[in-house]
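Here's the structure we're looking at; comments come further down.
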Amino acid sequence: PAFPVLRVEPGRVLVLGSADPNFKVSWQTVLRPLPGGRTRLITRNRVQPPPGLVNRIGAMVVDIAAFVMVTRWLQVLKERGEGLATGRYY
């Protein structure tokens, strides 16, 4: 399913959310400047399912999938960033 954009601050914040008002999901990505020309990337997701065991299980599946996806995404960003820093492009 598509995740509509809920908030954008170019170069700083992106928040996506669920299109289903009964199963609330959001994914937030924030870039925070640090000293020395560095940047901290913060990402988090939240799942708020309606009451019920099946919905709670669905929320756990979403959390696990998000963890796997974000872990890989961060690894790729790290590899690309280090490649750019050393002149090796991907």
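Only a predicted model underlies this, so the values are computations on that prediction, with no experimental measurement involved.
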Which pairs count as salt bridge (charged side-chain N to carboxylate O under 4.0 Å, His left out) when at least one residue sits in residues 46-74, sequence neighbours excluded?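 Checked against salt bridge (charged side-chain N to carboxylate O under 4.0 Å, His left out) - neighbours excluded - no pair reaches residues 46-74.
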Filter on salt bridge (charged side-chain N to carboxylate O under 4.0 Å, His left out), then keep only pairs touching residues 10-30, sequence neighbours left out; what's left?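 Every salt bridge (charged side-chain N to carboxylate O under 4.0 Å, His left out) pair that includes a residue of residues 10-30, provided the two are not neighbours, is E9-R12.
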Decide whether [X] and [Y] are clustered together by the hydrophobic rule: side chain heavy atoms of Ile, Leu, Val, Met, Phe, Trp, Tyr closer than 4.5 Å, transitively.
X   : Y   : answer
V15 : V25 : no
L31 : L77 : yes
V13 : L74 : no
V76 : I42 : no
W73 : L14 : yes

Let me confirm one number: the OG1-CZ distance from T39 to R32, rounded to the nearest 0.5 Å.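 Between atom OG1 of T39 and atom CZ of R32 there are 12.0 Å.
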Gap between atom CE of M69 and atom OG1 of T43 - 0.5 Å precision: 7.5 Å
Side-chain contact test, heavy atoms from C-beta onward, threshold under 4.5 Å: evaluate it for L16 versus L6 and give yes or no. no
Closest heavy-atom contact between P49 and A59?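 Of all heavy-atom pairs spanning P49 and A59, the closest is CG-CB, 3.7 Å.
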